[in-house]
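For reference, positions follow the sequence shown, starting with 1. For ligands, and for the atoms within them, numbers begin at 1 and follow the listed sequence. None of these values were measured; they are calculated from a predicted model.
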Amino acid sequence: MKVSCKLSCCFGLLTSLMLFSVARSQLSTDFYSSTCPNLLKIVRTEVQKAIMNEIRMAASLLRLHFHDCFVNGCDASLLLDGSNSEKLAVPNLNSARGFEVVDTIKNAVESACAGVVSCADILAIAARDSVLLSGGPAWRVLLGRRDGLVANQTAANASVLPGPFDPLNTIIAKFAAVGLNVTDVVALSGAHTIGLAKCAVFSSRLFNFSGTGAPDGTMDTSMVSDLQSLCPQTSDGNNTAPLDRNSRDLFDNHYFQNLLSGKGLLQSDQILYSSDAAASTTRSIVENYSKNSVLFFNDFVNSMIKMGNISPLTGSSGQIRKNCRVVNS
Ligand code: HEM
Ligand SMILES: *[C@@H]1O[C@H](CO)[C@@H](O)[C@H](O)[C@H]1NC(C)=O
Ligand SMILES: *[C@@H]1O[C@H](CO)[C@@H](O)[C@H](O)[C@H]1NC(C)=O
Ligand SMILES: *[C@@H]1O[C@H](CO)[C@@H](O)[C@H](O)[C@H]1NC(C)=O
Ligand SMILES: *[C@@H]1O[C@H](CO)[C@@H](O)[C@H](O)[C@H]1NC(C)=O
Ligand SMILES: *[C@@H]1O[C@H](CO)[C@@H](O)[C@H](O)[C@H]1NC(C)=O
Ligand SMILES: *[C@@H]1O[C@H](CO)[C@@H](O)[C@H](O)[C@H]1NC(C)=O
């Protein structure tokens with residue numbers, strides 16, 4: 001009796017260990033250590049130059065990794081040009097940016113180690129460096145992804161990417177569809193501690209919200225006035241506002257403090273704290289991150305690593321693109 005229990009317990013433990021290692025990625029931090037030993041230094045230098053040239057680029061590069069990973073996994077499908085490109089899909093058109101910077105990084109990497117490093121891995125490293133150089137946490141990036149052979153505009157057309165007008169249950173479901181949970185939703189939304197958004201994605205909150213004849217009641221009233229002048233109803237929606245008006249270029253936990261005082265910019269930001277659905281899901285996590293930036297940083301790193309592990313191509317799947325914009329001929 002005792003012996004068989006020990007056996008089955010031991011077997012159970014072994015099975016869960018095996019499951020754990022299967023669920024873990026096949027990626028590794030030292031993937032290029034012999035084939036491209038200076039990779040991390042080269043990418044860091046290029047990202048630093050790009051941010052010095054335009055501070056917003058940190059945010060733009062971070063977002064590229066997210067939009068890549070949610071559509072077809074982290075396979076750099078977002079970077080492919082063409083009429084079926086993901087760049088032309090609704091969430092990316094006139095919005096996703098930084099593609100020229102990615103080209104510059106890729107060229108620098110190719111000069112040092114031609115044909116070795118994937119565009120998907122370059123996006124993952126550039127996202128990490130962007131966070132770090134903005135004052136956020138550092139982490140060891142898992143590497144070894146390969147580049148996909150196709151883009152999927154249909155998928156990128158908002159069916160898999162969360163949108164700024166999605167209700168909270170939809171956002172949670174879209175994250176769950178790629179293996180990310182409620183903690184990941186909140187932690188990764190904290191990426192909105194840097195960067196900008198166009199009036200077009202939040203102006204519906206400012207004048208006649210959901211046909212109420214009034215602004216979104218969850219938005220701080222002085223913020224409403226500021227944004228009403230920035231985004232008059234007659235404008236083309238291309239003006240921009242900081243996602244974190246407290247410290248727009250600094251990676252910190254002010255994004256969460258803002259949510260507690262009704263200063264989230266996007267509806268999809270504010271509902272993490274203010275919606276009814278938040279009470280049983282995201283609100284307490286927002287509160288915890290607003291009080292504890294170490295907790296936010298730790299969870300953000302964990303969630304970025306999880307996001308970077310969404311369906312990577314490994315082994316001999318896909319290819320190592322020479323030019324991130326086109327599949328090798
Ligand atoms: C939770 C669901 C999310 C929604 C609905 C959402 C939506 C948006 C929207 C609408 C914009 C503004 C785009 C524009 O005006 O052109 C934006 C910007 C941004 N998003 Fe998200 N996002 C989400 C999650 C994330 C995640 C997970 C990350 C990264 C880990 C991220 C990183 C960013 C960054 C850094 C910017 C600023 C980009 C720039 O200034 O170029 N977002 N997001
Ligand atoms: C994606 O959405 C855009 C804008 O609505 C549309 O023009 C395009 O045809 C869509 N692409 C696909 C493949 O559905
Ligand atoms: C593209 O994405 C759509 C929607 O997620 C999916 O149904 C379709 O199979 C995908 N196509 C390819 C070629 O992967
Ligand atoms: C989400 O997953 C992480 C592990 O990646 C776990 O630590 C965390 O508790 C989970 N959160 C929820 C709400 O299930
Ligand atoms: C707000 O929108 C609703 C529904 O679209 C409309 O019936 C109403 O007249 C609008 N109110 C104002 C003040 O514009
Ligand atoms: C906003 O800017 C984009 C890119 O320059 C342009 O294509 C678009 O027409 C502008 N929006 C409007 C409504 O003018
Ligand atoms: C938030 O922090 C409190 C106090 O430390 C803790 O009891 C609670 O479990 C945390 N909530 C979440 C969702 O992490």
Query raised in the report: Which is closest to atom 42 (N) of ligand 1 by heavy-atom distance: Q267, H192, R63?
Result: H192

Report task. Answer yes or no: does atom NZ of K198 have more than 12 heavy-atom neighbours from other residues, nucleotides or ligands under 6.0 Å? Result -> yes

Query - S95-ligand 1 polar pair, N/O distance under 3.5 Å - result: yes

Query raised in the report: Out of L93, L188, N92, whose heavy atom sits nearest atom 27 (C) of ligand 1?
Result: L188

Query raised in the report: Between K87 and F99, is NZ or CZ placed under 6.0 angstrom from the six-membered ring centre and within 45° of the ring axis?
Result: yes

Query - Greater than 12 external heavy atoms within 6.0 Å of D276's CG - result: no

**Report entry** Heavy-atom closest pair, residues L80 and G148
**Finding:** CD1-O, 4.5 Å

Query raised in the report: Which residue owns the protein heavy atom closest to atom 35 (C) of ligand 1, what's the atom, and how far is it?
Result: A59 O, 3.1 Å

Query raised in the report: Would F175 count as a contact of ligand 1 if the rule is a heavy atom under 4.0 Å away?
Result: yes

Query raised in the report: So which bit of A197 gets within less than 4.0 Å of ligand 1, heavy atoms only: side chain, backbone, both or neither?
Result: both

Query - Considering all heavy atoms, the nearest K106-N323 contact - result: CE-N, 4.5 Å

Report summary line: Closest to atom 41 (O) of ligand 1 among protein heavy atoms sits S60 OG, 2.7 Å

Report task. Provide, to 0.1 Å, the distance between atom 3 (C) of ligand 1 and the closest protein heavy atom, together with that atom's residue and name. Result -> P162 CG, 3.8 Å

Report task. May I ask you to test the D129-I125 pair for a side-chain heavy-atom distance under 4.5 Å? Result -> yes

Report summary line: Atoms of ligand 1 under 4.0 Å from any heavy atom of P164, numbered from 1 in the order shown, are 5 (C), 10 (C)

Requested in this report: May I ask you to list the atoms of ligand 2 that are less than 4.0 angstrom from any heavy atom of V90?
Outcome: 2 (O), 4 (C), 5 (O)

Query raised in the report: Purely on distance, is any nitrogen or oxygen of N94 under 3.5 Å from one on ligand 1?
Result: no

Query raised in the report: Nearest protein heavy atom to atom 15 (O) of ligand 1, by residue and atom, and its distance?
Result: K198 N, 2.7 Å

Report summary line: re atom 25 (C) of ligand 1, the protein heavy-atom contact at minimum distance is F66 CE2, 3.2 Å

Report summary line: Tracing side-chain contacts under 4.5 Å among Ile, Leu, Val, Met, Phe, Trp and Tyr outward from L265 reaches V201, F202, L206, F207, M219, M223, V224, L227, L230, L243, L266

Query raised in the report: Under 4.0 Å from any heavy atom of G195, which atoms of ligand 1 are there?
Result: 37 (C), 40 (O)

**Report entry** ligand 2 N/O within reach of N84 N/O, cut-off under 3.5 Å
**Finding:** no

Query - NZ (K263) with more than 12 external heavy atoms under 6.0 Å - result: no

Report task. Determine, step by step, whether S60 and R97 satisfy the side chain to side chain donor-acceptor pair (under 3.5 Å) criterion, reporting the C-alpha distance in whole Å, the side-chain angles of both residues, the deciding distance to 0.1 Å, and the verdict. Result -> CA-CA 6 Å; S60 305; R97 58 201 297 283; 2.9 Å; yes

Query raised in the report: With a cut-off of 4.0 Å, which atoms of ligand 1 are near a heavy atom of S268?
Result: 5 (C)

Report task. Can you pull out the closest protein heavy atom to atom 29 (C) of ligand 1? Residue, atom name and distance to 0.1 Å, please. Result -> A191 CB, 3.4 Å

Query - Region of R97 that comes within reach of ligand 1 [heavy atoms, distance under 4.0 Å] - result: side chain

Query raised in the report: Taking the side chain as C-beta and beyond, is there a heavy-atom pair between T282 and L168 under 4.5 Å?
Result: yes

Query - Backbone or side-chain N or O of T154 under 3.5 Å from ligand 2 N or O - result: no

Report summary line: Per the under 4.0 Å non-hydrogen criterion, ligand 7 touches S284, I285, N288

Query raised in the report: Do ligand 1 and R56 have nitrogen or oxygen atoms that lie under 3.5 Å from each other?
Result: yes

**Report entry** same_hphob_cluster(L142, V178) at 4.5 Å side-chain heavy-atom cutoff
**Finding:** yes

Report task. Would you mind telling me which of N253, D244, D269, D220 makes a side chain to side chain donor-acceptor pair (under 3.5 Å) with N258? Result -> D244

Requested in this report: Using a strict cut-off of 4.0 Å, indicate which atoms of ligand 1 neighbour a heavy atom of G163.
Outcome: 5 (C)

**Report entry** Atom indices of ligand 2 within 4.0 angstrom of N157 heavy atoms, with elements
**Finding:** 1 (C), 2 (O), 3 (C), 8 (C), 10 (C), 11 (N), 12 (C), 14 (O)

Query raised in the report: Backbone N or O of W139 within a donor-acceptor pair of the R128 side chain at under 3.5 Å?
Result: yes

Requested in this report: Answer whether the closest heavy-atom distance between the side chains of R63 and S95 falls below 4.5 Å.
Outcome: yes

Report task. Before signing off on this row, confirm whether L243 and ligand 1 have an N or O atom pair separated by under 3.5 Å. Result -> no

Query raised in the report: Should the pair R245-D226 be classified as a salt bridge under the 4.0 Å nitrogen-to-oxygen rule?
Result: yes

Requested in this report: Pick one of side chain, backbone, both or neither for how L266 approaches ligand 1, counting any non-hydrogen atom pair under 4.0 Å.
Outcome: side chain

Query - Option from Y255, Y273, F296 for which ring-ring contact (aromatic ring centres under 6.0 Å, His included) with Y289 holds - result: F296

**Report entry** Shortest protein heavy-atom distance from atom 1 (C) of ligand 1, along with the residue and atom involved
**Finding:** S189 OG, 3.5 Å

Query raised in the report: With distance as the sole criterion, is a donor-acceptor pair present between the side chains of S77 and E86 under 3.5 Å?
Result: yes

Query - Minimum heavy-atom distance G98-L61, with the two atoms named - result: O-CD2, 4.1 Å

